[in-house]
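Written below as structure tokens is the structure these notes are about.
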Amino acid sequence: LLFQALGFPVPLYAHVPLLLGPDRRPLREDDEASLLRFWREKGYLSDAAANYLVILGRRLPRGKEIMDRRALIDGFDLPGFSSAPAVFDPEALRRVGAEHIRRTEPAHLADLAIPFLKASGVLPDAVSEETYGRMVRLAAVFRNHLACLSEIGTYAPIFSGRPLVPADPRSARALSSERVVRGLAELGRELTRSRLAPDLFWRETLARLREKPPREREELLLGLRAALTGRSEGPPLEEFIPLIPEALVKRRLRAKARRK
């Protein structure tokens with residue numbers, strides 16, 4: 001009656017399956033995953049959040065879970081919902097979030113990420129044109145490695161000059177190798193002597209390292225990644241090393257080479 005009195009079309013109502021938390025208990029209003037604040041603070045893209053919420057409890061063909069808003073609206077079909085309770089799966093949410101970030105244009109992704117980097121103290125309130133250009137390049141490199149925007153802060157120390165701590169045992173072991181320490185020292189000297197642009201220097205240097213015997217190659221490349229990022233995994237080295245300020249790269253190479 002209220003809709004009719006206001007002159008609005010009367011919507012159709014339907015019951016959907018109960019939503020359960022990861023513990024298989026009914027999701028409560030005060031559960032983290034049911035709070036809008038959780039989605040905002042994590043930095044899930046709005047399209048990703050809508051995508052995941054709409055597909056909860058639906059039977060979809062494998063590989064058809066990722067949809068933009070137009071596809072979600074056009075494909076909405078109540079008979080497609082399962083009668084069984086739907087389970088909120090944080091890992092499934094991350095997969096959906098990661099796919100939406102991967103599909104986002106770098107410039108738009110940079111615009112969305114800047115508030116998170118300002119909040120973490122990595123960026124000043126006023127972002128210069130040069131810094132913004134670097135942010136766009138970073139977004140292009142790291143968009144395949146993020147599920148939500150708050151995670152970009154975990155990569156911030158790589159580019160900010162903050163002390164790096166090995167993030168996993170594999171990177172810590174790599175940096176304890178005598179061969180890696182010697183190799184990092186030599187790379188630091190080569191970089192100091194080089195007159196090449198950073199992109200070209202690292203492209204040629206990494207190509208040379210990849211020609212070494214398999215075990216030595218793997219050890220040196222892993223050590224280089226660990227020295228410059230504190231991680232054992234991430235985007236291709238040639239894509240992100242040129243984005244790190246050259247003075248910072250030299251300082252980290254020298255610091256790791258002096259550890260022995």
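Residue numbers count from 1 along this sequence. Note that this is a predicted model, so its numbers are computed, not measured.
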Output yes when Arg170 and Glu218 qualify as a salt bridge under the 4.0 Å nitrogen-oxygen rule, no when they do not. yes

Separation between CG of Asp68 and CG of Asn51, rounded to the nearest 0.5 Å: 8.5 Å

Using atom types as modelled, flag every donor-acceptor pair under 3.5 Å from a side chain in residues 85-98 to any protein atom, sequence neighbours excluded.
| from | atom 1 | to | atom 2 | distance (Å) |
| --- | --- | --- | --- | --- |
| Asp89 | OD1 | Glu91 | N | 3.0 |
| Arg94 | NH1 | Glu151 | OE2 | 2.3 |
| Arg94 | NH2 | Glu151 | OE2 | 3.2 |

Just checking Glu216: does its CD atom have more than 12 heavy atoms from other residues, nucleotides or ligands closer to it than 6.0 angstrom? yes

Quick one: closest heavy-atom pair of Arg137 and Asp199, and the distance? NH2-OD2, 3.6 Å

Residues 3-10 side chain polar contacts: donor-acceptor under 3.5 Å, at least two apart:
none

Do Ile152 and Leu112 share a hydrophobic cluster, counting only Ile, Leu, Val, Met, Phe, Trp and Tyr and linking them when any side-chain heavy atoms are less than 4.5 Å apart? yes

Is there a chain of hydrophobic side chains (I, L, V, M, F, W, Y, each step under 4.5 Å between heavy atoms) that links Leu237 to Leu191? yes

Above 12 or not: heavy atoms from other molecules or residues under 6.0 Å from CZ of Arg210? yes

In this structure, CZ of Arg251 is separated from CG of Leu248 (nearest 0.5 Å) by 5.0 Å

Starting from the C-alpha separation in whole Å, work towards a yes-or-no answer on salt bridge (charged side-chain N to carboxylate O under 4.0 Å, His left out) for Asp168 and Arg231. CA-CA 7 Å; Asp168 55 78; Arg231 299 164 179 264; over 6 Å; no

Using side chain to side chain donor-acceptor pair (under 3.5 Å) as the criterion, list what pairs up with Ser83, not counting sequence neighbours. none

Connected via hydrophobic side-chain network under 4.5 Å: Tyr52 and Ile73: no

Point-to-point distance, once rounded to the nearest 0.5 Å, from CG of Leu109 to CZ of Arg143: 8.0 Å

Check side chain to side chain contact (heavy atoms under 4.5 Å, CB included) between Asn144 and all other residues, then give those that pass, not counting sequence neighbours. Arg102

How about Arg189 and Thr192: do any of their side-chain heavy atoms sit closer than 4.5 Å? no

Can you name the nearest heavy-atom pair linking Leu228 to Leu164, along with the distance? O-CD1, 3.3 Å

So which atom in Ala107 and which in Tyr132 form the shortest heavy-atom distance, rounded to 0.1 Å? O-OH, 3.5 Å

Glu190: which of Arg195, Arg208, Lys250 passes salt bridge (Lys or Arg N to Asp or Glu O under 4.0 Å): Arg208

Should Leu27 and Leu20 count as side-chain neighbours, where that means a heavy-atom distance under 4.5 Å? no

Within one Ile-Leu-Val-Met-Phe-Trp-Tyr cluster: Trp39 and Ile66, side-chain cutoff 4.5 Å: yes

Derivation and outcome, side chain to side chain contact (heavy atoms under 4.5 Å, CB included), residues Arg252 and Ile244: CA-CA 11 Å; Arg252 286 178 177 159; Ile244 305 175; 4.2 Å; yes

Check for a donor-acceptor pair, side chain of Ser177 on one end and backbone N or O of Arg173 on the other, with a separation under 3.5 Å. no

Using a strict threshold of under 4.0 Å (side-chain N to carboxylate O), is an ion pair present between Asp125 and Lys118? no

Reported NZ-to-CG distance for the pair Lys42 and Leu149, which is rounded to 0.5 angstrom: 12.0 Å

Nearest 0.5 Å, what's the CZ-CG distance between Phe116 and Leu123? 13.0 Å

Spell out, yes or no, whether Leu222 and Trp202 are grouped together once hydrophobic residues are joined by side-chain heavy atoms under 4.5 Å, including indirect joins. no

Any luck finding a side-chain donor-acceptor pair between Ser46 and Arg69 under 3.5 Å? yes

For Pro166 versus Leu175, what's the shortest heavy-atom pair and its separation? CG-CD1, 4.3 Å

Rounded at 0.5 Å granularity, tell me how far CD1 in Ile158 sits from CG in Leu138. 9.5 Å

Glu130/Arg134 salt bridge by N-O under 4.0 Å criterion: no

Checking Asp74 now: which residues fulfil side chain to side chain donor-acceptor pair (under 3.5 Å) with it, not counting sequence neighbours? Arg70

Just checking Arg37: does its CZ atom have more than 12 heavy atoms from other residues, nucleotides or ligands closer to it than 6.0 angstrom? no

Closest heavy-atom contact between Phe159 and Tyr155? CD1-O, 3.5 Å

Does Glu65 have any side chain to side chain contact (heavy atoms under 4.5 Å, CB included) partners at least two apart in sequence or in another chain, and if so, which? Ile55

Does the Thr131 side chain pair with the main chain of Val127, one donor and one acceptor, at a distance under 3.5 Å? no

For Gly234 and His145, which heavy atoms make the closest approach, and how far apart are they? C-CE1, 3.6 Å

If the test is salt bridge (Lys or Arg N to Asp or Glu O under 4.0 Å), which one of Lys212, Arg225, Arg182, Arg179 qualifies with Glu219? Arg179

Take atom CD in Glu186; do more than 12 heavy atoms of anything else shown fall under 6.0 Å from it? yes

